[in-house]
Q: 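Here it is: the structure, laid out below.
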Protein chains: 2
Amino acid sequence: MPRVGLTRERLVEAGCDLADREGFAVLTLAELARMFEVKLASLYSHVRNSDDLKAGVALRALDLLADRADEAVAGRAGKEALVALAEVHRHFAGEHPGLFEAARFPLSAEQAVGSGGARLARAMLAALRGYGLAEADQVHAVRLLGSFFLGFSLLELGGSFAHSQPEPDLSWQRGLDALDLTLKSWTTT
Amino acid sequence: MPRVGLTRERLVEAGCDLADREGFAVLTLAELARMFEVKLASLYSHVRNSDDLKAGVALRALDLLADRADEAVAGRAGKEALVALAEVHRHFAGEHPGLFEAARFPLSAEQAVGSGGARLARAMLAALRGYGLAEADQVHAVRLLGSFFLGFSLLELGGSFAHSQPEPDLSWQRGLDALDLTLKSWTTT
DNA sequence: CCGCAAAACCTAATGGTAGTAGGATAGAAA
DNA sequence: TTTCTATCCTACTACCATTAGGTTTTGCGG
């Protein structure tokens, strides 16, 4: 039989596609084996176990998100940077629901340190630079923004806004306006 | 053999306990059958399938959360109401991580309409009453608050704040201060 | 008190996912 | 050409979910 040429890389890559197409819950070693027309047991030479694969997909998702965040923040400041960063989150959630879910897969501390998560936080800090916050307040602001981005995207994706007027877009806009105002008038404690 | 006296009620009840003790992922029909010392197949007389049970737990979680929200908002207004409502969310997430996760289990439209989710939204609206927002802005404010509460709780629970100073409590405080200010100075479009 | 019907619970089977142990082999290097 | 090793396989165990259809308990009407 001809060898397919499996690789951890290829598995994670295919896992990303699969998660995005069918949802993170469908991301299973068995499904991946079917896609490569290979027996399930064969995958264990390249991947420690199911969670290992999912962690790989999660790390890739975080990296992709961080890439976009870096790009969005570059050359912008103030509200423009804030909005660009926000759109990155919401669009990513909308276009890659599987990866967006994967990005919240629990990672070990070692996996987390070098991940895109840290880079994402740095991009947020950079986006805030224009607001001139005190050093000590920057973390709080990052957490506020991160919470809103994540929460809103999740609720929208989960359909929580589906059965109440008006369009989520408007709420998103108003939310960003409000956050911008908050950051501009941030009072140091 | 003596009959255990299974009921959909008792199953959902036990499911809530189990989810809270061991996590929502452990909530499985097989585990429940073991707890009641009953064969797995026996559960299907009381519950349509695994998702049906999880939906039951989810609805109960939403109800519980809505109960606490109603209680927190009653007799309070303005920032006091806002903070009380916020604490309900964060404490609920901290004390009942399993139920908190369950509350985000995807529900069908029919299940969702009469659920605690709607009541929760009403409690939020009530909490906002003191800020005197225009009718059209209230939804946006509710969505802003809901997003922050959810996002922050998730990030904290997921350990995203664990490896950066300072304590999440302070960020939470500052975030609520910021939201309070935002609501007070909300400008109608 | 008795019989019977519905409810409660069971046995038995199927099929899907995860994971381990150990064997066969393709393909490259010696 | 021979040998070696990564690659992939067979064969198994152990979970969970679900359905079909059988048996026993229980309580209610007679």
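Keep in mind the model is a prediction, meaning the values are calculated, not measured. All heavy atoms count here, side chains included; hydrogens, waters and symmetry mates do not. Here is the naming used below: chain letters follow the sequence lines, and residue numbers restart at 1 for every chain.
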Q: Quick check: do A:Glu101 and A:Leu157 have side-chain heavy atoms less than 4.5 Å from each other?
A: no

Q: Under 4.0 Å from any atom of DNA chain D, heavy atoms only: list the residues of residues 37-52 of chain A that qualify, in numerical order.
A: A:Val38, A:Lys39, A:Ala41, A:Ser42, A:Ser45, A:His46

Q: Rounded to the nearest 0.5 Å, how far apart are CE of A:Met35 and CG of A:Leu11?
A: 9.5 Å

Q: Could you write out each protein N or O paired with an N or O of nucleotides 4-7 of chain C at a distance under 3.5 Å?
A:
none

Q: Side chains of B:Thr28 and B:Glu31: any donor to acceptor distance under 3.5 Å?
A: no

Q: Is there a path of hydrophobic side-chain contacts, each under 4.5 Å between heavy atoms of I/L/V/M/F/W/Y residues, joining B:Trp186 to A:Leu170?
A: no

Q: Is there side-chain contact between B:Val88 and B:Val73, with heavy atoms separated by less than 4.5 Å?
A: no

Q: D:dC9 C1' sits how many Å from A:Phe36 CZ, rounded?
A: 17 Å

Q: Taking five pairs at each end, how big is the angle between the two axes of the helix from C:dC1-D:dG30 to C:dA30-D:dT1, to 10°?
A: 10°

Q: Identify all side-chain donor-acceptor contacts of residues 57-69 of chain B below 3.5 Å with residues at least two apart in sequence or on another chain.
A:
unit_1: B:Arg60; atom_1: NH1; unit_2: B:Glu13; atom_2: OE1; d: 2.5
unit_1: B:Arg60; atom_1: NH2; unit_2: B:Glu9; atom_2: OE1; d: 2.8
unit_1: B:Asp63; atom_1: OD1; unit_2: B:Arg119; atom_2: NH1; d: 3.2
unit_1: B:Asp67; atom_1: OD1; unit_2: B:Arg119; atom_2: NH2; d: 2.1
unit_1: B:Arg68; atom_1: NH2; unit_2: B:His96; atom_2: NE2; d: 3.4

Q: Is a side-chain N or O of B:Thr7 found less than 3.5 angstrom from the main chain of B:Arg10, in a donor-acceptor match?
A: no

Q: Got a sec? Which of residues 8-33 of chain A come in under 4.0 Å of DNA chain D, heavy atoms?
A: none

Q: For A:Ala134, check side chain to side chain contact (heavy atoms under 4.5 Å, CB included) against everything at least two apart and list the hits.
A: A:Asp137, A:Thr188

Q: Are the side chains of A:Asp20 and A:Phe100 in contact, using a 4.5 Å heavy-atom criterion?
A: no

Q: Working to the nearest 0.5 angstrom, can you tell me the gap between A:Arg143 CZ and B:Glu156 CD?
A: 8.5 Å

Q: According to a hydrophobic-cluster definition based on side-chain heavy atoms being under 4.5 Å apart (Ile, Leu, Val, Met, Phe, Trp, Tyr only), do A:Leu181 and A:Phe148 belong together?
A: no

Q: Quick check against the 3.5 Å criterion: does A:Tyr131 have a side-chain atom that pairs as donor or acceptor with the backbone of A:Lys79?
A: yes

